[in-house]
2 protein chains.
Amino acid sequence: MRPPMHSRSPLAPAAFPALPEIAGVTRRVARARYKEWDRCDLSYVELAPGTTVAGVFTRNVCCSSEVELGREQVQGGSARALVVNAGNSNAFTGYRGREAVEAIMAQVAEHLGCSAREVFVSSTGVIGVPLPSDKARAGVEAALTAEPCSWEALAETIGTTDTFAKGAASSAVVGDRTVQVAGVVKGSGMIAPDMATMLGYIFTDAAVAPALLQDMLARATGATFNSITVDSDTSTSDTVLLFATGKANNPELQSWDDAGADALYAAIHAVARELAHLVVRDGEGASKFIEVQVTGAVSDDSARRVALAIANSPLVKTAIAGEDANWGRVVMAVGKAGEPADRDRLAIRFGDHWVAKDGLPVDGYDEAPVAAHLKGQDIRVGADLGLGEGRATVWTCDLTHGYISINADYRS
Amino acid sequence: MRPPMHSRSPLAPAAFPALPEIAGVTRRVARARYKEWDRCDLSYVELAPGTTVAGVFTRNVCCSSEVELGREQVQGGSARALVVNAGNSNAFTGYRGREAVEAIMAQVAEHLGCSAREVFVSSTGVIGVPLPSDKARAGVEAALTAEPCSWEALAETIGTTDTFAKGAASSAVVGDRTVQVAGVVKGSGMIAPDMATMLGYIFTDAAVAPALLQDMLARATGATFNSITVDSDTSTSDTVLLFATGKANNPELQSWDDAGADALYAAIHAVARELAHLVVRDGEGASKFIEVQVTGAVSDDSARRVALAIANSPLVKTAIAGEDANWGRVVMAVGKAGEPADRDRLAIRFGDHWVAKDGLPVDGYDEAPVAAHLKGQDIRVGADLGLGEGRATVWTCDLTHGYISINADYRS
C-alpha cells in the first residue's frame with residue numbers, strides 16, 4: 001500500500017529552475033506502469049553520437065545489477081542513451097535482475113544502432129522483485145517514439161517519493177565557446193519497502209575526453225554528493241552519471257591544463273553542489289537545512305569525518321529540530337568521530353555565534369542571537385578543532401517526527 | 001526546564017530484582033541538589049580495605065575530567081569509595097571541573113584515611129557547568145553519615161532520566177566459596193541538554209588481583225556494554241567499574257588458570273550482559289528490544305561491525321518500529337558496513353524465519369509468521385553472510401516518535 005502523497009518539503013525552492021537546452025540531448029518519458037500508478041515512470045534520454053560519459057556509484061557492496069553494469073560500461077567512455085526506471089529498483093534480484101537490464105540495453109541498442117554498452121540503465125523503487133521485462137519492453141518502446149519533453153518532466157519522472165522535481169544549471173566559457181551544464185536528480189524520499197536511492201544525471205554540450213570527464217566528476221562528487229547525508233544510510237543503487245555530447249564544438253578537453261577545463265569543472269561542481277543540496281532539502285521529514293563546517297582539523301579527510309559524525313548524530317539532528325542550542329551534543333559528536341581532537345582546544349558555533357571556545361562555554365554567552373539563528377530554516381553549525389589547517393563542509397537536514405512517520409508508520 | 005517525567009518503558013521488567021548483599025560494600029545516598037529537584041542525587045559506596053578495581057571508559061576523546069582521572073586511578077588497582085553525582089556531568093568544564101572532582105576525592109579520602117586515588121568519582125547530567133563544589137561538599141558530607149540504603153535506592157539515585165531502576169546479580173563457586181556478583185547501571189535516558197551517559201558499577205566479594213580483574217572486565221565488556229547501541233552516539237562520560245572486595249576469603253585469583261576464575265568471569269559476564277540489556281530496554285522511546293545476530297562473516301570483528309551497521313541504521317530501526325518485514329533495509333545496512341559481503345550469498349531472517357537466501361527472496365515466502373514475530377516486543381534479526389565462521393550479536397531498540405519527542409520537543 002502506498003502512503004498518502006507527502007506534501008512538498010518546506011525547504012523546496014519556489015519553482016523548478018529554467019534549464020538550458022543541451023545540444024545532443026533529447027529527453028522522452030513514458031508509462032511502464034511498474035507500480036499501480038498513473039504517471040510516467042520510465043525516462044529515456046537519447047545522446048548524440050560521440051557523447052562521452054563518466055560515472056560514480058554507491059560503495060554499498062550489495063549493489064544492484066544496474067550499478068554493476070554501469071561500472072563496467074563507464075570504462076568504455078562512450079554513451080548513446082540513458083534509461084531510468086522508477087518504481088522498481090531491481091536490487092537483490094540475482095541473475096534475473098541482470099537479464100532484465102541487459103534486455104533493455106539490447107532493445108535500445110538495436111533502435112539506435114549502437115553498442116549495448118553505450119546504453120546506461122538505472123532503476124529505483126521496490127527491491128527484491130526482478131524488473132518485469134514485459135513492462136520494461138513496452139515502456140521503452142513507447143518512450144523511443146514519444147514526443148521530447150521538458151527537463152522538469154524528466155526530473156519528475158525519475159522521482160519516486162520526492163516531494164518536488166530537482167534540477168540545476170550553469171555554464172562556462174571553454175575556448176571561444178560558451179558551454180552549458182544542466183542536471184537533474186532524484187533524492188532521499190524513501191518509502192517502505194523502497195530504498196533511498198539517489199540518482200543524478202548531469203549533461204553538458206562540451207567536448208571532453210572520457211578520462212578527464214571521469215576525473216572531473218570524481219573530484220566534484222567529493223565535496224557535493226559525497227558530502228551530504230540524510231540518515232547515514234547508503235542505498236544499493238546510488239548513481240551519478242555525467243554525459244558530454246561535444247555539440248558545443250570546442251576543441252576536445254583532454255587535460256586539466258587545457259584552456260577552459262577549470263571553468264567547465266567549476267560549472268559541473270556548481271551543478272553537482274546545487275543538486276546535492278536539493279536532495280537534502282527533500283530529506284524525509286526535513287524542516288531545517290543544516291550546513292556543518294569543520295575547521296582546524298589535522299587534514300581535510302579528518303575534518304570530513306568529524307563533520308559527518310556531527311551531521312549523522314541523531315542527537316545533534318533532533319536538537320536542531322527542537323531549535324535547541326545544544327552545543328554539548330556537538331562536542332559529543334566531535335569526540336566520537338575517532339579523529340584527532342583536543343577537548344580543551346575545541347570551539348563550537350551556531351551561525352556566526354561562538355558558544356564555546358578552548359573547551360569552555362564562552363564568557364558572557366548570550367543565547368538570544370543563537371536562538372534566533374536556530375529558528376531559521378538554514379542552520380549553520382561550526383566546529384574548530386584548533387589543531388591544523390584541515391577543513392570540510394557537509395550538509396544534512398534535521399531529524400523530525402516526519403522522518404519517523406514516513407519510515408515507520410506505513411507498512412509494506 | 002525539565003520535561004514532564006517520562007513514563008516507565010514498556011520494555012522494563014516487572015520489578016527491581018532481589019540483589020544479594022556483597023560483604024565489604026556499603027551504600028549510602030544523599031541530596032546534593034545539583035538540580036531543582038527533591039530527590040537523592042549523590043551516591044556514595046564505601047568499599048572495604050583491600051578492594052581491587054577495574055574500569056573501562058568511553059572512547060570519546062572529549063571525555064570528562066572524571067573519565068580522565070578514573071583512567072589514571074584504575075592503574076593503581078585499589079579502591080575504597082565510589083561517588084556518583086547525578087544532574088551535572090561536569091563535562092566540558094576545563095580545569096574547574098577537574099578541581100571539583102579532586103575536591104570530592106580529597107574530602108572522602110580524609111574521611112576514610114585512604115589515598116585520594118582510591119576514591120572514584122562519576123558524574124552525569126548537564127554539561128558545560130562545573131560541578132558546584134559547595135553542593136558537592138555538603139552532599140558528600142551528608143552521604144558519609146547517612147544510613148546504609150538498598151541496592152534499588154542506589155540504582156535510583158545514580159539515574160537521571162531513566163524510567164526504571166536497573167540491577168542484576170549472579171554468583172559463582174570459587175574454590176570452596178560461593179562468591180556474589182551484583183551490579184547497577186544507569187542508562188540511555190538523555191534530555192536536552194544532558195548527555196546520554198551510561199554508568200555501570202559491578203561489585204563482587206571475590207578476591208581478585210587487579211590485573212586479572214581488569215582483564216575480566218575488558219573481556220566481558222566487548223560482548224555486553226560494547227555490543228549495545230541506542231542511537232550510535234557515544235557519551236563523553238561512559239564508565240563501567242568493577243570492584244572486588246575480597247571478603248569471600250577465597251584464595252586471591254591471580255590468573256585465568258586459577259580454579260574458579262572461569263566461573264567468576266561467567267558470573268561477571270552474566271551481570272554485565274543483563275545490565276547492558278536493561279540499558280537498551282530503557283532506550284529513549286523504545287517500544288521493541290532488538291537482537292541482531294550476524295553469522296558467516298570473515299571474522300568476529302567483521303561480524304560485529306556488520307551487526308552494528310544494522311543496529312544503527314535508522315531505516316532498519318524505523319521499519320521494526322513499524323512492524324514492517326523490510327529485509328531490503330537489512331541488505332542495505334549489510335552492504336554499507338564496509339565489510340566483506342557477497343550479495344549473492346547473503347541470507348536474512350526475522351525471528352527464525354528466513355526471508356531471503358542466496359541474494360534472493362526465498363521461494364514461497366510466507367509473510368504471516370514474520371509479521372507475527374514483528375508484532376512482539378522482542379525482535380530478532382539475523383544476517384548470514386555465507387563467507388566464514390565470524391559471528392557477533394548486538395542489541396538495540398527501535399526508533400520511534402518517542403525518541404524524537406524526548407530529544408527534540410523539549411528545549412533547554
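Here the structure is a predicted model, which is why all the values come from computation and not from measurement. Each chain gets a letter, A, B and so on, in the order its sequence line appears, and its residues count up from 1.
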Compare every heavy atom of [Y] with every heavy atom of [X], then report the nearest pair and how far apart it is.
{"X": "Ser405(A)", "Y": "His401(B)", "answer": "OG-CE1, 3.1 Å"}
{"X": "Tyr403(B)", "Y": "Leu315(A)", "answer": "OH-CD2, 3.4 Å"}
{"X": "Gly128(B)", "Y": "Pro361(A)", "answer": "O-CG, 3.2 Å"}

*Test side chain to side chain donor-acceptor pair (under 3.5 Å) applied to Asn85(B) - qualifying residues, sequence neighbours left out*: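 With neighbours one apart ignored, the set is Tyr34(B), Ser123(B).
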*Pairing residues for Thr400(B) by the side chain to side chain donor-acceptor pair (under 3.5 Å) criterion, not counting sequence neighbours*: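 Applying side chain to side chain donor-acceptor pair (under 3.5 Å) to Thr400(B) gives none.
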*Separation of Met332(B) CE from Thr58(A) OG1 (nearest 0.5 Å)*: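 If we round to the nearest 0.5 Å, Thr58(A):OG1 and Met332(B):CE are 10.5 Å apart.
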*Enter the distance from Leu399(A):CG to Leu399(B):CG here, rounded to the nearest 0.5 Å.*
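Going from CG on Leu399(A) over to CG on Leu399(B), the span is 6.5 Å.
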When heavy-atom pairs shorter than 4.5 Å are enumerated against chain A, which of [options] gives the highest number?
{"options": "Ala319(B), Cys63(B), Ala356(B)", "value": "Cys63(B)"}
{"options": "Arg96(B), Glu68(B), Glu339(B)", "value": "Glu68(B)"}
{"options": "Val334(B), Leu346(B), Asp344(B)", "value": "Leu346(B)"}

*Around atom CZ of Arg71(B), are there more than 12 heavy atoms of other residues, nucleotides or ligands at under 6.0 Å?*
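Yes, the 6.0 Å shell around CZ holds more than 12 heavy atoms from other groups.
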